[in-house]
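The structure under discussion appears below in the form of structure tokens.
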Amino acid sequence: MSTNSPPQNQGAESAQPAANVDQQGATEEPVKQSSTPSVFVNSEPMREEQVQNAVKFLSHPRVKGSPVMYRRSFLEKKGLTKEEIDEAFRRVPDSAPTVQTGGVTQDGQVKSSSNIQQQAQPQALQPGLPASTGVNTSSATLSRSRFHWSHALIAIGVLAASGAGTAIVVKNSILPRLKSWIRKVVVEDDEELKKVDRKPTLVEEAAQAAKSAAAAAADVAKASQDMLISKEEERKHFVEVVSLLDKQVQEMKSMTNALRRMEGQDLRITQTNTKQLIVNGNGKADYDLHSVRSTSPPVSYEPPGSLHPKSYMEIMNMVQRGEKPSNTRPWEVGQVQNSSTQVLHAQGSGEYLNSKVQDSTQSNGDGDDALPWWQKKNARIREIDNENEYNGNGSTYGAASYQPPPQRTWVPPQPPPIAMAEAAEAIRRPKAAAQKDQTSDTQSVGNSSDVSDEATRIPRRSESEVVVEGGSISSIPSSVEIQEDQELKQE
Amino acid sequence: MPVFKTPFNGYSVKFSPFYEDRLAVATSQNFGILGNGRLHVLSLSPNPSQPFTEIAAYDTADGIYDVSWSESHDSLVVAAVADGSVKLYDTALPPTSNPIRSLREHTREVHSADYNPLRRDSFLTSSWDDTVKLWTLDRPSSIRTFKEHSYCVYSAVWNPRHADVFASASGDCTLRVWDVREPSSTMVFPPHEFEVLTCDWNKYDDCIIATASVDKSIKIWDVRSFRVPIAVMNGHGYAVRKVRFSPHVRNLLVSCSYDMTVCVWDFMVEDALVSRYDHHTEFAVGVDMSVLVEGLMASTGWDELVYVWQHGTDPRAL
């Protein structure tokens, strides 16, 4: 038992009355009287804080309207002892004292215990109180009622006076206020008009800025178009030059043949003729070559040095197929691909991919020729964002647009053991599921087909194998598992 | 283990302090809402085919909420009746002369009756009219009325060691400790935030009291330091209707609840729940432990069954 030291004394005291009870002797009562502050009495001192809280409670006007029984019951429920409650009632003058004890039919045996003394006082007061308190309360109520009436009259008078005063003041001030308000309104209209004028100016400025920007963009477009045209013209010039050279070669050949024929006839006459012809032809050719060369330097795209006759469209096709023109840098190929893929992809994801492509390929530089850049790109993307959907989309689109290269320079490693994938799947599953919901709105065609055709896509991916590589192999089986599980769940 | 089927819904069961095999059952028709009541006095027989013998059965105009055996006469029973009357029955007399006394003073249903085990001449009744009344057998009217609660008094229990001290549990969420020699209650404190349905004194430690409430918990208090309970026992799924301390084991108490179980607790142990019996199929509202036979307990409920079994055995086993 968890007993405190002070109560043990009382426990000893209580043992005595218990023994006395068992004996049931005549000396029972006096012995009990001496130990009457028995264990069953609250021996704690009064808690002043509780008493003050009770006083506040009892002083509340709402509480004063409630029956006394409810007030006591409330305080008892709050854990106040009888002494504290009595003290609180004593402090609040209006509240009635312990009325309940009047209901207790006493049968003698009023002991002079400390407990009883506290209650005897209110009890002794009680017979005297009913008369006085009744009168007091009635007078108080009457006085209150009178006060109520007088209060009401005074309040009405004050209100009326204040109302009249305010009416006069308002009348005096309304007229000038009205006038001033009208003036203000008129002035405001003017200001509004000015503001309206100003606003259009702002709008016009914005429009002008937009127009200038559009004009600048149009200029840029025109400039690029001009560039293209000029390139084409140069190409044509090139072709012409080549044809001219061919013609000259043929002429040279015919000349030599003629010379050989003429040798038989008259050597001196033919030599002078051929020299003239040669001079003319070479001069012509030199002149044309010079003209071509003068136009070539401004074009930055022209591959430096070599003159392999590859057309623009041939190079584009090569790039789309994934072959790298032997003399281009990776980032140039990336730029070319960007333009081509932008034409092909109409979706935001494609653009996102391409921007990532630029970042990754530019950062990579031209060092990694062993790994094709598009393979690295997807790995980088997968590192940046673990969105399997994006990768799936990008990879599928990659597979659709990029044909597999003839020679595979890199073989994807074996997929990791399933345990890891499960762990990765467990970690990624909520994320994949959540992102699946997110991306389902943004991406139009791809996702739904992805989810539904996942089973068929797996062999296609493995076969095409353009985009899938080492960093992503582990994620693909996990994503497959995730989507398979989700499919199962959906089923 | 014997099972007795009562025609009405059971409300209370009490072992006789004189006979090991005798118990009284208070029942009410229609769950005590409306209708008659019946008081059964049963006797346990060793004959397994007929485990119960009904010594007497008394019908009342209204349901009987509680019953208490007299400590002075082995055949006297006090019944707390829902129409506000307190009826005394003598099983030794023929049924026609019963009830021998009908005391009508309470203005509302009498919810509990308890006989003073030490003085043996007086008993308490508590009622829904917020009062507790003290009676003796020889007087036709109450000796005292204790009116301090502000709501129904569900239980009034004598202290087993102090003849004049009793406790009352009320729906105003307070427990009051009274001394009949005092004009008003000597102690009052709120053991629960909700209605306190029952209370009982520890038979071995005179200052330990158990209370149980609508908040499904049973709390053990020492009245000397009543700010903090000694133990709080949770485990019932619904309001706890009755608690009884064991007369034989110091720390053991039994409780019955609206969750249809009867639980036995040991409040000095960390894991207080000792055993749980879910033999009732309705609210279990009455439980008692025999003073004469150690470990024998009885319970009754609204499923109109009375079970008597030994602690540790299955009540439904035969």
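Each chain gets a letter, A, B and so on, in the order the sequences are listed, and its residues count up from 1. The structure displayed is predicted, hence computed values, not measured ones.
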Candidate pair Leu253(B) and Phe267(B), rule side chain to side chain contact (heavy atoms under 4.5 Å, CB included), full reasoning: CA-CA 8 Å; Leu253(B) 66 142; Phe267(B) 69 88; 3.8 Å; yes
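Proximity to chain A is absent for every atom of His192(B), based on heavy atoms less than 4.5 angstrom apart. Only the backbone of Leu80(A) comes within contact range of chain B, with heavy atoms under 4.5 Å apart. Contact of Val188(B) with chain A is made through backbone and side chain together, with heavy-atom distances under 4.5 Å.
With chain A as partner, the option from Glu193(B), Arg176(B), His149(B) having the largest number of non-hydrogen pairs under 4.5 angstrom is Arg176(B). Heavy-atom pairs under 4.5 Å with chain A peak, among Val165(B), Thr131(B), Thr174(B), at Val165(B).
Between Phe40(A) and Trp201(B), the angle of the ring planes goes over 60°, which puts this pair in the perpendicular group of the 30/60° scheme.
Atom CD of Glu49(A) is surrounded by 12 or fewer heavy atoms from other residues, nucleotides or ligands within 6.0 Å.
Checked for salt-bridge contact, Asp130(B) and Arg108(B) miss the test: no charged N lies under 4.0 Å from a carboxylate O.
Considering all non-hydrogen atoms of both residues, Ser184(B) and Lys82(A) come closest at OG-NZ, 3.4 Å.
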